[in-house]
Trainee: 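Can you read through this structure? Questions will come right after.
The analysis underlying the following values was restricted to heavy atoms, covering all of them including side chains, and did not include hydrogens, waters or symmetry mates.
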2 protein chains.
Amino acid sequence: MTASDSSRQPASRRGGSERAEHLAGLIMALARREGMKAGDRLIEQRLADALDLSRAPIRLGLKALETAGLARGEPHRGFVLAKNPTSGAAQPALAAVRRREQVYATIAGDVLASRLPADVTEAELMRRYGLSRAELQRLLDRIAAEGWVARLPGYGWRFAETVSSPEAHAKAMAFRAVIEPAAIAQPGFALSQDVIARLRERQQRVFEGELEKMTIGEVFHSGCEFHEEIIRGAGNPFFLESLRRVNSIRRLFAYRSFADRDGMRRHVREHLRLLEVLETRRYAEAAELMAKHLQRPLVAGLS
Amino acid sequence: MTASDSSRQPASRRGGSERAEHLAGLIMALARREGMKAGDRLIEQRLADALDLSRAPIRLGLKALETAGLARGEPHRGFVLAKNPTSGAAQPALAAVRRREQVYATIAGDVLASRLPADVTEAELMRRYGLSRAELQRLLDRIAAEGWVARLPGYGWRFAETVSSPEAHAKAMAFRAVIEPAAIAQPGFALSQDVIARLRERQQRVFEGELEKMTIGEVFHSGCEFHEEIIRGAGNPFFLESLRRVNSIRRLFAYRSFADRDGMRRHVREHLRLLEVLETRRYAEAAELMAKHLQRPLVAGLS
DNA sequence: GATTGTTCTTTAAGGCAATAATATACAATC
DNA sequence: GATTGTATATTATTGCCTTAAAGAACAATC
C-alpha cells in the first residue's frame, strides 16, 4: 500500500556508479571523523587501511569525490580535500548515499508505524519495495545485524516487536543507564589522553556553532560515537557491542524526534563536563555523572 | 592445514534427508523444553506453532522421528512420543544434527585456537572446509548473528578478536555480572509463578540425578535457558538480547572447560535458592544473590 | 470439533556462467 | 622512501533456471 516503487533499475547503471558515490561518502565521513580540513592530502593507502579496503575501491571513491567537487586531484600527486568535510558542501556526495539509504529508511518507517506485518516473506518485500532478490538479501542481512529482523525457520522473516513498541525508546535508555555507568566503573577502565583530546575537540566544535548546521541524523550519530568511544574504555567488547546494537535501534526512531537545539546544547555541555572528570581519572564520579546524564528523560531521544 | 575434508557431497542426498533429521531434532528439543513424557501426543499444528513452521516440515520431522524409533505413529491418529525426550535414547536423531554442526564446531575450534587468520575470504573458507558457497553463506550468516564474525566492506570476513582472546571468558562474566543483577533490579521486574514453577521443576530434575547423565553441552545449555528466562522478567528485550549474545559466544569455549560435577551441583543449588527468593518477590535480594552467583570465579565457564 | 491426510500454490535454495569488484604486485613518479 | 599509476589475479555478485521446501486450503477421519 505504501510501498515506494524505487526506480526499477538493474541496480548497477544508475546515475554514474552508485558504488563509487557510496565510497566517496565513506571517505568524507572518515575525513570528518578525523577532523581533516580543506587542503589536507587524501592518501590512498591510509584511507584504505582506515576503511578496511584495498586501494582500488578507494580510488574510485576519490574520483567520485573529484566529480562532486569535494576533492581535487593532480596526476602523480594524488588527491586533496577541496572543502571542509564539515561544511554543508559535503552533502552532494552524500545525496547519492542517501538515495541508497532510501529503501532502508522506508522499511524502517513502515515497521515503526506497523504498516508492515511482523512476519513477511522475501517475495513480498521484493514486490513491495521493488528490489531484486540480491538487493533485498543485502538489506535484510544488514537489518538482521542491527537486530530488528530475524529469519524464521521456514520461509520469511520476522521483525522484532522491540522496534515498533512505543516503550522501545524508554527501554533502550534504561538499558544504557545500566551498562554505560557500569562500564566506566569496571576495574580496568581507562581512556587515553589522546582519545579524550579527540573527543573533546569534536564536542567543542559541535558546541561552538556546528550544532546549528547539523541535521538531526548527524547530531545523533555524533552522540553515539561519543558514548561508544567512552564505553570502549572498559576494554570489554561486550559492553561496546551491546551499546552499538542499542544505538542502531535507537537511530530508527531518532528521526522522529524533534530538534530541541537548547536541549542538545545542554547535552553536549554534559559531554564536555564528563570528559573533564574522565581526564583526571575520577572514574567513580564519572560513572555517576554518566548515570545522571542518561537518566534525564530528555526530549525524545538524543544523546 | 587443519581443515576437515567433510564429505564432499551435494549437500542434499546425504543419509536419508538431512533436513528431516534436523527437524526431528527440533521437535525433540521442544519436547524436552516442555517437559513431555513418553506417550504424550505430538500434535502437528501445535508443534508447528511452537516452532514457527507450517505442518509440512513438522510432518517430515515426525516421520524421521518414527524412523529413529523416538515416536510411534498410526494412520489418522498422529504421532506419540515413544521415549522420554530426556533419556539417552534421544541421541540417535541428534546424531544427524551433530553432523550438521560439525563444520561449525571445527571452525569455532580453529578460530579459538587462532589457526585461522582474523581476516579470511569466502573462497578460502570454502576450500578449507570443503563447503559450497551456499552452505558457507548459511554458516557465516549464523556466526554473524552470534556476533563473532562480520563482513568486511570489501571481500572477506573478519573474526572477532573477542573469541580467541584468553580473557574473553572473564569479560563475558564481567558483563553478565552487570546486566543480570541490574535486570532483576529494574522497576518493572516480574516473573510469573508459572515460569518459576517450570524453572524450578527443571533445575530440580537436573539436581536430582540427571546431571550425571548430561553432557557438558547440555548442562551449559540448561544453564543458559535458566538465566535467559530470568532476565526476560525485566520485560526489556535489550537485556535479554545482550545476554543471548554473550551466551552464544560463551558456548564456544564452554566445550573446553572441565566437567566439575561438584561445582555444577552447587551451581544448580544456587539456582534453586534464587528461585525461592524470586518467588517471594524480594527482588533486591535476588539481584544481590545473582551478583554473587556470577562473581564466583567457578571452574571454567558454566552457569 | 479437533486433528490428520492430501493436494495445490507459493517461496526460496542451489548450482552455473557471465560480469563486476576487490586485492595484489610491481613499475613509475614525486 | 613514500605515494601514485597500471596490469593482473583473485574474489564475490548477479541473474537465470531448476528443484526442493514450505505454506495454505480443504477433504477425510477419529
Trainee: Between P on dT4(D) and CD1 on Ile43(A), what's the gap in Å once rounded to a whole number?
Mentor: 6 Å

Trainee: Side chain of Tyr155(B) only, heavy atoms from C-beta on: which candidate in dT29(D), dA21(D), dT11(D) is closest?
Mentor: dT11(D)

Trainee: Between dA21(D), dA23(C), dT13(D), which one does the side chain of Arg19(B) approach most closely?
Mentor: dA21(D)

Trainee: Does dG15(C) have OP1 or OP2 sitting under 4.0 Å from an N or O in the side chain of Ser132(B)?
Mentor: yes

Trainee: More 5' along DNA chain C: Ala123(A) or Arg133(B), using each one's nearest nucleotide?
Mentor: Ala123(A)

Trainee: Whole angstrom is fine here: how far is it from CH2 in Trp157(B) over to C1' in dT11(D)?
Mentor: 14 Å

Trainee: Among dT4(D), dA12(C), dT4(C), which nucleotide has an atom closest to any side-chain atom of Arg55(B)?
Mentor: dT4(C)

Trainee: Looking only at side-chain atoms of Ser54(B), point me to the closest of dA22(D), dG5(C), dG14(C).
Mentor: dA22(D)

Trainee: Using the side-chain heavy atoms of Arg127(B), tell me which of these nucleotides is nearest: dA21(C), dT11(D), dA21(D).
Mentor: dT11(D)

Trainee: Go nucleotide by nucleotide along DNA chain D from the 5' end; which of Gly156(B) and Gly154(A) gets its closest nucleotide reached first?
Mentor: Gly156(B)

Trainee: Measure the shortest side-chain to side-chain distance between Leu81(A) and Leu65(A) over non-hydrogen atoms and say whether it is less than 4.5 angstrom.
Mentor: no

Trainee: Looking at CG of Leu42(B) and CE of Met28(B), how far apart are the two atoms once the value is rounded to the nearest 0.5 Å?
Mentor: 8.0 Å

Trainee: Could you tell me if Glu225(B) and His221(B) have a donor-acceptor pair between their side chains, going purely by distance under 3.5 Å?
Mentor: yes

Trainee: Among the candidates dT4(D), dT29(D), dA13(C), find the nucleotide nearest to the side-chain atoms of Arg41(A).
Mentor: dT4(D)

Trainee: Given dT22(C), dT3(C), dT13(D), identify the nucleotide with an atom nearest to the side chain of Arg46(B).
Mentor: dT3(C)

Trainee: Determine yes or no for a side-chain-to-main-chain donor-acceptor pair under 3.5 angstrom, with Arg19(A) supplying the side chain and Leu60(A) the backbone.
Mentor: no

Trainee: Find the distance Arg59(A):CZ to dA23(C):P and express it as a whole number of Å.
Mentor: 14 Å

Trainee: Can you check the Arg138(B) CZ to dG14(C) P distance for me, whole Å?
Mentor: 6 Å

Trainee: Could you check Glu124(A) against Pro153(B) and say which one's nearest nucleotide on DNA chain C is further toward the 5' end?
Mentor: Glu124(A)

Trainee: Please give, in whole Å, the distance from dA21(C) P to Lys63(A) NZ?
Mentor: 13 Å

Trainee: Taking the side chain as every heavy atom from C-beta outward, state whether Arg33(B) and Leu30(B) have any pair of such atoms under 4.5 Å apart.
Mentor: yes

Trainee: Less than 4.0 Å between a side-chain N and a carboxylate O, is that true for Glu122(A) and Arg133(A)?
Mentor: yes

Trainee: At 4.0 Å (heavy atoms only), tell me whether Leu47(B) reaches a base, stays on the sugar-phosphate, or touches nothing.
Mentor: nothing

Trainee: Measure from CG on Leu51(B) to P on dA22(D) and round the result to the nearest Å.
Mentor: 12 Å

Trainee: Measure from the side-chain heavy atoms of Leu23(A) and tell me the nearest of dT22(C), dA22(D), dT13(D).
Mentor: dT22(C)

Trainee: Rounded to whole angstrom units, what separation is found between the CG atom of Leu62(A) and the P atom of dT3(D)?
Mentor: 14 Å

Trainee: Report yes if at least one side-chain N or O of Thr121(A) is closer than 4.0 Å to OP1 or OP2 of dG23(D); otherwise report no.
Mentor: no

Trainee: Can you identify which nucleotide, out of dT13(D), dT22(C), dA12(D), has its nearest atom closest to the Leu60(A) side chain?
Mentor: dT22(C)

Trainee: For Ala56(A), which contact category applies under a 4.0 Å heavy-atom criterion: base, sugar-phosphate, or nothing?
Mentor: base

Trainee: Please determine, for the side chain of Glu122(B), which listed nucleotide (dA13(C), dT13(D), dT4(D)) has the closest atom?
Mentor: dT13(D)

Trainee: Please give, in whole Å, the distance from dC16(C) C1' to Gln137(B) CD?
Mentor: 15 Å

